[in-house]
Amino acid sequence: MRTLNRELVAQYDLTVKKYQYIRSNYYLETNKGLFLLRRIDVPKEQILFDFEVDTQLYAHGFENMSRIVATRKKNSLCPTR
């Protein structure tokens, strides 16, 4: 099983209790519920746009959807290098 990059996870306001690596995704059991951590290769502008759309939809009552989680610094991007 692949190890979880603790430095990466430390950028989020979550405490990982358990994790499982399946098909290039990390399934995290945390103190704030279940999360999926995955690497995506899309342009920075696309991530920023998607984050803004998610935030606006959630603010207008669309609560039952997958969301991009911001880092502790309120950033939608989490560089891996």
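Computed over heavy atoms, backbone and side chain alike; hydrogens, waters and symmetry mates excluded. In this chain, numbering begins with 1 at the start of the sequence shown.
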OH/Tyr12 to OG1/Thr30 distance, rounded to the nearest 0.5 angstrom?
12.5 Å

Looking at side-chain heavy atoms only, is the closest gap between Tyr26 and Leu36 below 4.5 Å?
no

For Tyr27, I'd like to know if atom OH has over 12 heavy atoms of other residues, nucleotides or ligands within 6.0 Å.
yes

Check whether more than 12 heavy atoms from other residues, nucleotides or ligands sit under 6.0 Å from atom CZ of Arg72, and answer yes or no.
yes

Please list, one pair per line, the donor and acceptor atoms closer than 3.5 Å that link side chains of residues 59-69 to other protein atoms, with sequence neighbours excluded.
from	atom 1	to	atom 2	distance (Å)
His60	ND1	Gln56	O	2.8

Under the 3.5 angstrom rule, does the side chain of Lys32 hit a backbone N or O of Asp13 as a donor-acceptor pair?
yes

So how far is it from Arg2 CZ to Tyr19 OH, rounded to the nearest 0.5 Å?
11.0 Å

Identify whether Phe49 and Ile47 are in the same connected component of the hydrophobic contact network (ILVMFWY, side-chain heavy atoms under 4.5 Å).
no

What's the separation between atom CG in Leu14 and atom CZ in Phe35, rounded to the nearest 0.5 Å?
5.0 Å

In Å, rounded to the nearest 0.5 Å, how long is the span from CG of Leu28 to NZ of Lys18?
12.0 Å

In Å and rounded to the nearest 0.5 Å, what is the CD to CD1 distance from Gln46 to Ile40?
8.5 Å

Just how far is it from atom CD of Gln20 to atom CD of Glu29, taken to the nearest 0.5 Å?
10.5 Å

Decide yes or no on side-chain contact (heavy atoms from CB on, under 4.5 Å) for Leu8 and Leu37, but give the supporting numbers first.
CA-CA 10 Å; Leu8 176 68; Leu37 178 64; 4.0 Å; yes

Expected output: side-chain Asn25 to main-chain Arg23 donor-acceptor under 3.5 Å
yes

